[in-house]
2 protein chains.
Amino acid sequence: MITQAIDIASSEDANLIKLRHKPAADNSTQPFKPRLHSTADTRARPIEGSIGVVGTPMKFAGKAEIYGEGEPAEYLYQVITGTVRTSKFLADGRRQIGGFYLPGEIFGLEAGEEHSYSAEAIVESRILLIKRSALVGLAARDTEVAQQLLALTWLELARAQAHVLLLVKTAQERVAGFLLEMAGRIPEGGSIELPMSRQDIADYLGLTIETVSRTLTSLENEAVISRPTSRLVVLRNRSALTRIDP
Amino acid sequence: MITQAIDIASSEDANLIKLRHKPAADNSTQPFKPRLHSTADTRARPIEGSIGVVGTPMKFAGKAEIYGEGEPAEYLYQVITGTVRTSKFLADGRRQIGGFYLPGEIFGLEAGEEHSYSAEAIVESRILLIKRSALVGLAARDTEVAQQLLALTWLELARAQAHVLLLVKTAQERVAGFLLEMAGRIPEGGSIELPMSRQDIADYLGLTIETVSRTLTSLENEAVISRPTSRLVVLRNRSALTRIDP
DNA sequence: CGACCATTTGATATGGATCAAGCGATGTGG
DNA sequence: CCACATCGCTTGATCCATATCAAATGGTCG
């Protein structure tokens, strides 16, 4: 595990990150509010809000494995910079992407004692590691930690359920849903810089790269989006997207 | 909410049920072990293991709604007898089944303060209700309750992730996976009494009833299963099924 | 018995997969 | 600095798994 870390960064800004996780259907009632990325306020809190669990920041190269399927789940991870994908291979080689994790978001939560997905950095990423045992140990005594662990698991559950809903839709709807999902997590105006490849998107949506590509092209032709470059998507007509998504 | 309850049963055997939830990939390490149904030991514990939270047993007719999408999530539910499905309608009328819950299993766990799926009894069912507020209140003080709430949420997460994996497979694989999933939860030898309709199965698997039916027929032709009646499936060759599933 | 509903079976249509080729962008070696 | 291999993405042509439309069968209940 964690064999491909490039170097253990100095901990200068380990805590200078705020917690940001995918907003659930209704996050106004969560015990803590994910603060969305904004230009001001780069100061931020370590994982788990204000709990005094400090992690180790590590740097991973793009394509570097953070942990593998089947490995013991010893840590919880928070993306500081970069992007991470979790993935799983079926017996016949097909790959399923479980999710993408952007700066501020937390991954590595697992039901059991071992990871059922692997995690890889998509681009060079700085990741904060928190020992899981430290956390669950703490949770056994500190109910506030326990609450936050529960809240994180709920977010992950909401994410998985939303993923299920995506996968029963048509190709157009999946792609539109994906774009909206990403747009909601990168609240930079209407443009989305996609750090992942078409193959990653395809494996997340249960489609082929060709279908993803064609669908983006057709959305572009319908003036719903535009693509200055293949990795940069500009939302030209968000309501059309939500209309496609249902 | 709960407008269609037929009657509030007397609580004779409210506690005579053991906790049984879908085993996750590795449940041997869970804080508590779901005990599988066996002929002996019909005595059992109320929801949440041995925690002193007692619920109210209610009876629901088949097709009765237990709670609706968007309603406040005030309760947690444990199936005593019968079967429950959770479902959600997309804007255009398509229905997605979130999951099926068999005797002993718990549903109604939600990330937010309101249900994102509705729940209906598939057949006449007895359901144990536990006030959620009582539980989370308890969890704030009792770390053991908190642990078990967390464990339940993990199970639900594992369930949703398994569902995602099902949905990216072929029709044959989905149906095979569904049969294996049900077989693993009804440990009665090799035969599965399906309480749900083909439409329910189709909406769970993201297929049409015709495809489900045809797939079952072809499995029968290949001598992998047999169907004494349309709702009763006998597994004739489980390893062939696991080979299909990958 | 007849109406109704769930399921199966049949015929046809189609969305997305597959196979194949083209097209930049980026990098490499001569 | 250019020729050219490589890689990620797009576009085109064809195929196939599953959806759709339609009808037959079978079980259940009044």
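Sequence lines set the chain letters: A, B, ... in the order given, protein chains first and strands last, and positions in each chain run from 1.
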>> Taking the basic N atoms (NZ, or NE/NH1/NH2) and the acidic carboxylate oxygens, is any pair closer than 4.0 Å for R214(A) and E210(A)?
In response: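 No, this pair does not count.
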>> Whether D245(B) and R238(B) form a salt bridge (side-chain N of Lys/Arg under 4.0 Å from carboxylate O of Asp/Glu) is what I want to check.
In response: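 D245(B) and R238(B): not salt-bridged.
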For [N] and [X] - does any side-chain N or O of the residue sit under 4.0 Å from the phosphate oxygens OP1/OP2?
| X | N | answer |
| --- | --- | --- |
| R198(B) | dC5(C) | no |
| R231(B) | dA6(C) | no |
| T217(A) | dT11(D) | yes |

Provide, to the nearest angstrom, the distance between the [atom1] atom belonging to [X] and the [atom2] atom belonging to [N].
| X | N | atom1 | atom2 | value |
| --- | --- | --- | --- | --- |
| I209(B) | dG10(C) | CD1 | C1' | 14 Å |
| R227(B) | dA6(C) | CZ | C1' | 13 Å |
| Q172(A) | dT14(C) | CD | P | 17 Å |
| L232(B) | dG26(D) | CG | P | 18 Å |
| D203(B) | dT7(C) | CG | P | 12 Å |
| K169(B) | dA17(D) | NZ | C1' | 17 Å |
| L216(B) | dT8(C) | CG | P | 6 Å |
| Q199(A) | dT10(D) | CD | C1' | 14 Å |

> Considering all heavy atoms of both residues, which atom of P103(A) and which atom of G82(A) are nearest to each other, and what is their separation?
Replying inline: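 Heavy atoms only, the tightest pair is CD-O, 3.2 Å.
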Would you classify [X] as touching base, sugar-phosphate or nothing, given that sugar-phosphate means primed atoms plus P, OP1 and OP2, and contacts are heavy atoms under 4.0 Å?
| X | result |
| --- | --- |
| S197(B) | sugar-phosphate |
| R174(B) | nothing |
| T229(B) | nothing |
| S230(A) | sugar-phosphate |

>> Quick one, E173(B) with L90(A), criterion side-chain contact (heavy atoms from CB on, under 4.5 Å). Give me CA distance, side-chain angles, the key distance, then yes/no.
In response: CA-CA 12 Å; E173(B) 291 164 347; L90(A) 303 185; 5.9 Å; no
> Looking at side-chain heavy atoms only, is the closest gap between E193(B) and I186(B) below 4.5 Å?
Replying inline: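 Result no, sub-4.5 Å side-chain heavy-atom pair not found.
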>> What I'd like to find out is whether the side chain of T217(A) reaches to under 4.5 Å of the side chain of R227(A), using heavy atoms alone.
In response: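 T217(A) vs R227(A): side chains touch.
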> Just how large is the angle between the end axes of the helix from dC1(C)-dG30(D) to dG30(C)-dC1(D), five pairs per end, to 10 degrees?
Replying inline: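 It comes to 30° between the two terminal axes.
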> Do Q96(B) side-chain atoms and F89(B) backbone N/O form a donor-acceptor pair below 3.5 Å?
Replying inline: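 Here the side-chain-to-backbone pair does not exist.
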> If you measure only the distance, is there a donor-acceptor pair under 3.5 Å linking the side chains of S87(B) and E120(B)?
Replying inline: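 Per modelled atom types, S87(B) and E120(B) side chains form a pair under 3.5 Å.
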> Where the side chain of T170(B) is defined as all heavy atoms beyond and including C-beta, which of dT18(D), dT8(C), dT10(D) is the nearest nucleotide?
Replying inline: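 Nearest to the side chain of T170(B) among the choices is dT18(D).
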> From dG8(D), dC9(D), dT7(C), pick the nucleotide closest to the side chain of K63(A)?
Replying inline: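 Closest nucleotide among those given: dG8(D).
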>> Among F100(A), Y117(A), Y75(A), Y101(A), which residue satisfies the ring pair (Phe, Tyr, Trp, His ring centres under 6.0 Å) criterion with F107(A)?
In response: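 Testing F107(A) for a ring pair (Phe, Tyr, Trp, His ring centres under 6.0 Å) against F100(A), Y117(A), Y75(A), Y101(A) leaves exactly one candidate, Y101(A).
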Please write out each protein N/O paired with an N/O of nucleotides 17-22 of chain C under 3.5 Å, distance rounded to 0.1 Å.
{"residue": "dA17(C)", "atom": "OP2", "partner": "T208(A)", "partner atom": "N", "Å": "3.4"}
{"residue": "dA17(C)", "atom": "OP2", "partner": "T208(A)", "partner atom": "OG1", "Å": "3.0"}
{"residue": "dA17(C)", "atom": "OP2", "partner": "T211(A)", "partner atom": "OG1", "Å": "2.3"}
{"residue": "dT18(C)", "atom": "O4", "partner": "R214(A)", "partner atom": "NH2", "Å": "2.8"}
{"residue": "dC19(C)", "atom": "N4", "partner": "E210(A)", "partner atom": "OE2", "Å": "3.0"}

> Would V168(B) and R94(A) count as a side-chain contact (heavy atoms from CB on, under 4.5 Å) if you check the C-alpha gap in whole Å, the side-chain angles of each, and the deciding distance to 0.1 Å?
Replying inline: CA-CA 9 Å; V168(B) 298; R94(A) 275 172 291 173; 5.8 Å; no
